Amino acid sequence: MIRSTRPISWIKPALKELEKWPEGVRSVCLTALTIAAEGGKADIAKPMHGMGSGIFEIALPFRSDAYRVVYAVQLDEDIWVIHTFRKKSTRGIKTPKHEVDLIQDRLRALKEMLR
């Protein structure tokens, strides 16, 4: 059986942020995105609550930080990486409000662009 892999597209600032991350973290996150592009869902990916269907978050704890990748699977033919960020405090699992606002703004702009 031939599996079709969907392209992965990036919102530029998300890719720029990912490029700053430690190599091991980048590698694990990119592998999880590849699994999504092949139609699966990595163990470290989960639906992102409050964003609507088809929006997922990869969460990877590393040392004292948590690295997050937010991507959309239902906007287009492509998998769209909307936002990447490093969450400093791992005390609370809640995504900081300014990150949620940024994700919502980028989602809105991306939907507009894809129309």
Side-chain angles (χ1 to χ4, degrees):
M1 179 179 112
I2 296 174
R3 197 189 293 187
S4 69
T5 302
R6 295 166 63 185
I8 298 172
S9 293
W10 294 78
I11 289 181
K12 270 200 182 95
L15 183 57
K16 279 193 176 351
E17 178 60 29
L18 182 96
E19 289 168 347
K20 299 177 194 171
W21 293 1
E23 178 58 42
V25 172
R26 267 198 328 257
S27 179
V28 170
C29 290
L30 290 172
T31 298
L33 284 170
T34 300
I35 291 168
E38 292 174 347
K41 187 178 82 55
D43 292 344
I44 59 171
K46 62 187 190 309
M48 188 161 189
H49 297 292
M51 293 289 161
S53 67
I55 309 298
F56 290 85
E57 178 179 43
I58 296 165
L60 183 65
F62 181 75
R63 300 207 172 116
S64 63
D65 295 333
Y67 291 83
R68 305 286 177 88
V69 176
V70 178
Y71 65 96
V73 297
Q74 294 178 346
L75 294 181
D76 190 33
E77 290 300 308
D78 296 10
I79 302 283
W80 276 93
V81 180
I82 297 161
H83 187 42
T84 56
F85 63 102
R86 185 173 84 187
K87 193 166 153 273
K88 290 285 193 183
S89 167
T90 54
R91 258 179 299 177
I93 58 169
K94 195 170 163 109
T95 304
K97 183 178 178 351
H98 69 276
E99 301 290 1
V100 171
D101 291 345
L102 183 58
I103 292 162
Q104 288 172 332
D105 289 347
R106 287 184 180 174
L107 254 175
R108 213 174 355 263
L110 181 59
K111 285 177 183 174
E112 197 62 39
M113 185 193 85
L114 293 172
R115 256 190 213 166

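Hydrogens, waters and symmetry mates are skipped; everything else that's a heavy atom, side chains included, is used. Note that this is a predicted model, so its numbers are computed, not measured.
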> What's the verdict on side-chain contact (heavy atoms from CB on, under 4.5 Å) for Leu75 and Leu107, showing C-alpha distance, side-chain angles and the deciding distance?
Replying inline: CA-CA 9 Å; Leu75 294 181; Leu107 254 175; 3.8 Å; yes
Among the clusters formed by ILVMFWY side chains lying less than 4.5 Å apart, do [X] and [Y] turn up in the same one?
{"X": "Ile35", "Y": "Ile58", "result": "no"}
{"X": "Leu110", "Y": "Met51", "result": "yes"}
{"X": "Ile103", "Y": "Trp80", "result": "yes"}
{"X": "Val25", "Y": "Phe85", "result": "no"}
{"X": "Leu18", "Y": "Leu33", "result": "yes"}

> Taking ILVMFWY side chains as joined if any heavy atoms are under 4.5 angstrom apart, and letting links pass through other members, which residues group with Leu102?
Replying inline: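 Taking Ile, Leu, Val, Met, Phe, Trp and Tyr as members, Leu102 stands alone, with no cluster partners.
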> Please, which pairs that meet side-chain hydrogen bond (donor to acceptor under 3.5 Å, both in side chains) have at least one residue in residues 45-55, sequence neighbours excluded?
Replying inline: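 Residue pairs passing side-chain hydrogen bond (donor to acceptor under 3.5 Å, both in side chains), neighbours aside: Lys46-Glu57, Ser53-Gln74.
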Sequence neighbours excluded, which residues qualify as salt bridge (Lys or Arg N to Asp or Glu O under 4.0 Å) partners of [X]?
{"X": "Glu99", "value": "none"}
{"X": "Asp43", "value": "none"}
{"X": "Arg26", "value": "Glu23"}
{"X": "Glu19", "value": "none"}

Which atom pairs, donor and acceptor, lie under 3.5 Å between side-chain atoms of residues 6-14 and protein residues at least two apart or in another chain?
{"unit_1": "Arg6", "atom_1": "NE", "unit_2": "Glu77", "atom_2": "O", "d": "2.7"}
{"unit_1": "Arg6", "atom_1": "NH1", "unit_2": "Val73", "atom_2": "O", "d": "3.3"}
{"unit_1": "Arg6", "atom_1": "NH2", "unit_2": "Val73", "atom_2": "O", "d": "2.7"}
{"unit_1": "Arg6", "atom_1": "NH2", "unit_2": "Asp76", "atom_2": "O", "d": "3.1"}
{"unit_1": "Arg6", "atom_1": "NH2", "unit_2": "Glu77", "atom_2": "O", "d": "3.3"}
{"unit_1": "Arg6", "atom_1": "NH2", "unit_2": "Asp78", "atom_2": "O", "d": "3.3"}
{"unit_1": "Ser9", "atom_1": "OG", "unit_2": "Asp78", "atom_2": "OD2", "d": "2.4"}

>> Does anything in residues 56-78 form a ring-ring contact (aromatic ring centres under 6.0 Å, His included)? List the pairs, not counting sequence neighbours.
In response: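 Of all non-adjacent pairs touching residues 56-78, those that pass ring-ring contact (aromatic ring centres under 6.0 Å, His included) are Trp21-Tyr67, Phe56-Tyr71.
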>> Does Lys41, at its NZ atom, have more than 12 non-hydrogen atoms belonging to other residues, nucleotides or ligands within less than 6.0 Å?
In response: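 For Lys41, atom NZ is crowded (more than 12 foreign heavy atoms under 6.0 Å).
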> Would you say the side-chain atoms of Arg106 pair up with the backbone N or O of Ile82, donor to acceptor, closer than 3.5 Å?
Replying inline: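 Answer holds: yes.
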> What are the two closest heavy atoms between Ile79 and Ala36, and how far apart are they?
Replying inline: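 Nearest pair, atom of Ile79 first, then Ala36: CD1-O, 3.8 Å.
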> Can you name the one residue among Thr95, Leu60, Thr84 that meets side chain to side chain contact (heavy atoms under 4.5 Å, CB included) with Arg68?
Replying inline: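 Between Arg68 and the candidates, side chain to side chain contact (heavy atoms under 4.5 Å, CB included) is satisfied uniquely by Thr95.
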> Which residues pass the side-chain hydrogen bond (donor to acceptor under 3.5 Å, both in side chains) test with Gln104, sequence neighbours left out?
Replying inline: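 Partners of Gln104 under the side-chain hydrogen bond (donor to acceptor under 3.5 Å, both in side chains) test: none.
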> With a 4.5 Å heavy-atom cut-off, do Leu15 and Val81 have their side chains touching?
Replying inline: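 No - every pair of side-chain heavy atoms lies 4.5 Å or more apart.
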